Amino acid sequence: MSKLGNLGARLYRGEVGYDFVGKRKIWYGISILITITAILGLAVRGLNMGIEFEGGAVFNTPKTTASVAQAEESAEKASGHDAIVQKLGENEMRIQIAGVDIKKSDQIKKALAEDLDVKAGDINADLVGPSWGEQIANKAWQGLAIFIILVVIYLAIAFEWRMALAALIALIHDITITVGVYALVGFEVTPGTVIGLLTILGYSLYDTVVVFDSLKEQSKDITKQTRYTYSEIANRSINGTLVRSINTTVVALLPVGGLLFIGGGVLGAGMLNDISLSLFVGLAAGAYSSIFIATPLVADFKEREPQMKALKKRVLAKRAAAAAKGESAETPEPEGDEPQDGYEDDAAPAVVGPRTQPASRNRGRGRPSGKRR
């Protein structure tokens, strides 16, 4: 088995682990800082909305010897608006100009033909009205609202309302960061961006639901034992699914990163940036929130319940009593004994460390004495 596989098995069995839940205030602080930065970027710079949302014209030119800078200068001079120029194929260009009507479009087309040394009839001009973009935006908001409502209802039924609330907060966290990154880098927001944003919601929930399912199984009959608090069980759930979360996230990020950095950056296919950036940032933020935000939030919500408060007092009292007697806080477990299968009524630390092999309790028992007959 590979080293990563061995680590995953040891994390799953609780032999090693990192105290994610215990350090949740650090993760909350980091998330708050990132979210504030994203909101400030959105407020100061705003989103660079594409012509699909603002309306305008798109001009596709034939082969030309003019440079992108020349085409951009010509388009801005003729229209009086900012222009976005992308090079396509063999010296062909795509020029986008927002806020242009039909009359202005004809003037721009003639000016481009003259400056770029091409025939005006060979330039294709497409006009996009702002009402079409408004319809797309409204449909996107409706889809987002319906998706969130259905997800919250499902999680509340399948798990509980605290997990649904934590997942909702994690989703808002991921969307805010993704939109803020778009504002900071200035990438154009297109219908492809909207599709990417809606897509990452499912990826964001995937890892969260995996951890919640593990937590639900391990926390069955938790109040009948005095070995673990709810936060410690939540931490074991994160560690048990950690390698799986990392593997799925890396596998998903590799092709998306190829689209963003190689397709959009190296090869210059700028039209790939709108959807690939939202997917890349959203996937990374979703993996982060499932580990560092969603599950710690559930632990915070649950620890406020009277039953969980009483359980925590019993666990800490038993550990204090064991420490006063000079006994070890850690008790060896029988092989295969996991919290979800049955709790031992012994004290244990919050983060489970390497376990020792239990001595045979029945050694020498049940054997007949005397000679064999």
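In this text the structure is predicted, and so the values were computed from the model without any measurement. In this chain, residues are counted from 1 in sequence order.
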(request) Take Thr295 and Ile291, measure what side-chain contact (heavy atoms from CB on, under 4.5 Å) needs, and give me the verdict at the end. (result) CA-CA 6 Å; Thr295 308; Ile291 297 172; over 6 Å; no
(request) May I ask you to establish whether Arg24 and Phe292 are in a cation-pi arrangement, using a distance under 6.0 Å from NZ or CZ to the six-membered ring centre and at most 45° from the ring axis? (result) no
(message) Taking the cut-offs as 6.0 angstrom to the six-membered ring centre and 45 degrees off its axis, would you call Lys309 and Tyr230 a cation-pi pair?
(response)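 No, cation not above the ring by the 6.0 Å, 45° rule.
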Is it possible for you to say whether [X] and [Y] belong to one hydrophobic cluster, with membership spreading through side-chain heavy-atom contacts below 4.5 Å?
| X | Y | result |
| --- | --- | --- |
| Tyr206 | Leu253 | no |
| Val44 | Leu42 | no |
| Phe212 | Ile172 | yes |
| Phe187 | Leu40 | no |
| Phe147 | Val152 | yes |

Flag side-chain contact, heavy atom, 4.5 Å: [X] against [Y]:
| X | Y | value |
| --- | --- | --- |
| Leu144 | Leu197 | no |
| Leu155 | Met163 | no |
| Val118 | Ile123 | yes |
| Val210 | Thr248 | no |
| Val189 | Asn48 | no |
| Lys302 | Glu160 | yes |
| Ile36 | Ile32 | yes |
| Tyr28 | Leu297 | yes |

Quick one: pull up [atom1] in [X] and [atom2] in [Y] and give me the separation to the nearest 0.5 Å.
| X | Y | atom1 | atom2 | answer |
| --- | --- | --- | --- | --- |
| Ile108 | Asp115 | CD1 | CG | 12.0 Å |
| Lys25 | Asp300 | NZ | CG | 9.0 Å |
| Leu171 | Ile293 | CG | CD1 | 12.5 Å |
| Ile148 | Ile153 | CD1 | CD1 | 12.0 Å |
| Ile200 | Ile175 | CD1 | CD1 | 6.5 Å |
| Leu283 | Asp174 | CG | CG | 10.0 Å |

I'd like to know if the side chain of [X] and the backbone of [Y] have a donor-acceptor N/O pair within less than 3.5 Å.
| X | Y | value |
| --- | --- | --- |
| Ser74 | Ala71 | no |
| Thr61 | Met93 | yes |
| Ser67 | Gln70 | yes |
| Lys109 | Lys104 | no |
| Gln225 | Arg227 | yes |
| Asp122 | Pro62 | no |
| Asn239 | Tyr18 | yes |
| Arg94 | Asn60 | no |
| Ser278 | Ile275 | yes |
| Arg314 | Thr223 | yes |

(request) Take Thr65 and Asp117, measure what side-chain contact (heavy atoms from CB on, under 4.5 Å) needs, and give me the verdict at the end. (result) CA-CA 8 Å; Thr65 57; Asp117 194 21; 5.5 Å; no
Answer yes when [X] and [Y] have at least one side-chain N-carboxylate O distance shorter than 4.0 Å, and no when they do not.
| X | Y | result |
| --- | --- | --- |
| Lys77 | Glu72 | no |
| Asp221 | Lys224 | yes |
| Arg319 | Glu232 | yes |

(request) Look at the aromatic rings of Phe20 and Trp27 and report parallel, tilted or perpendicular, splitting at 30° and 60°. (result) tilted
(request) Would you indicate whether Glu305, at its atom CD, is surrounded by more than 12 heavy atoms from other residues, nucleotides or ligands within a distance under 6.0 Å? (result)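 Atom CD in Glu305 is crowded, with more than 12 foreign heavy atoms closer than 6.0 Å.
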(message) For Gln218 and Ser214, which I'm curious about, is there any donor-acceptor pair between the side chains at under 3.5 Å?
(response) yes
(message) Under a 3.5 Å threshold, yes or no: a donor from one side chain and an acceptor from the other, between Ser231 and Glu303?
(response) yes
(request) Assess whether side-chain contact (heavy atoms from CB on, under 4.5 Å) is satisfied between Ile30 and Tyr288, documenting all intermediate values. (result) CA-CA 11 Å; Ile30 294 173; Tyr288 171 85; 3.7 Å; yes
Might you point out which heavy atoms bring [X] and [Y] nearest each other, and give the distance in Å?
| X | Y | result |
| --- | --- | --- |
| Ser289 | His173 | CB-ND1, 3.8 Å |
| Thr64 | Leu116 | OG1-O, 2.9 Å |
| Ser105 | Ala125 | OG-CB, 4.0 Å |
| Arg162 | Val298 | O-CG2, 4.2 Å |
| Ser290 | Thr208 | CB-OG1, 3.3 Å |
| Ile233 | Tyr228 | CD1-CB, 3.7 Å |

(request) Carefully, step by step, assess Leu316 and Lys312 under the rule side-chain contact (heavy atoms from CB on, under 4.5 Å). (result) CA-CA 6 Å; Leu316 296 179; Lys312 187 174 182 178; 4.0 Å; yes
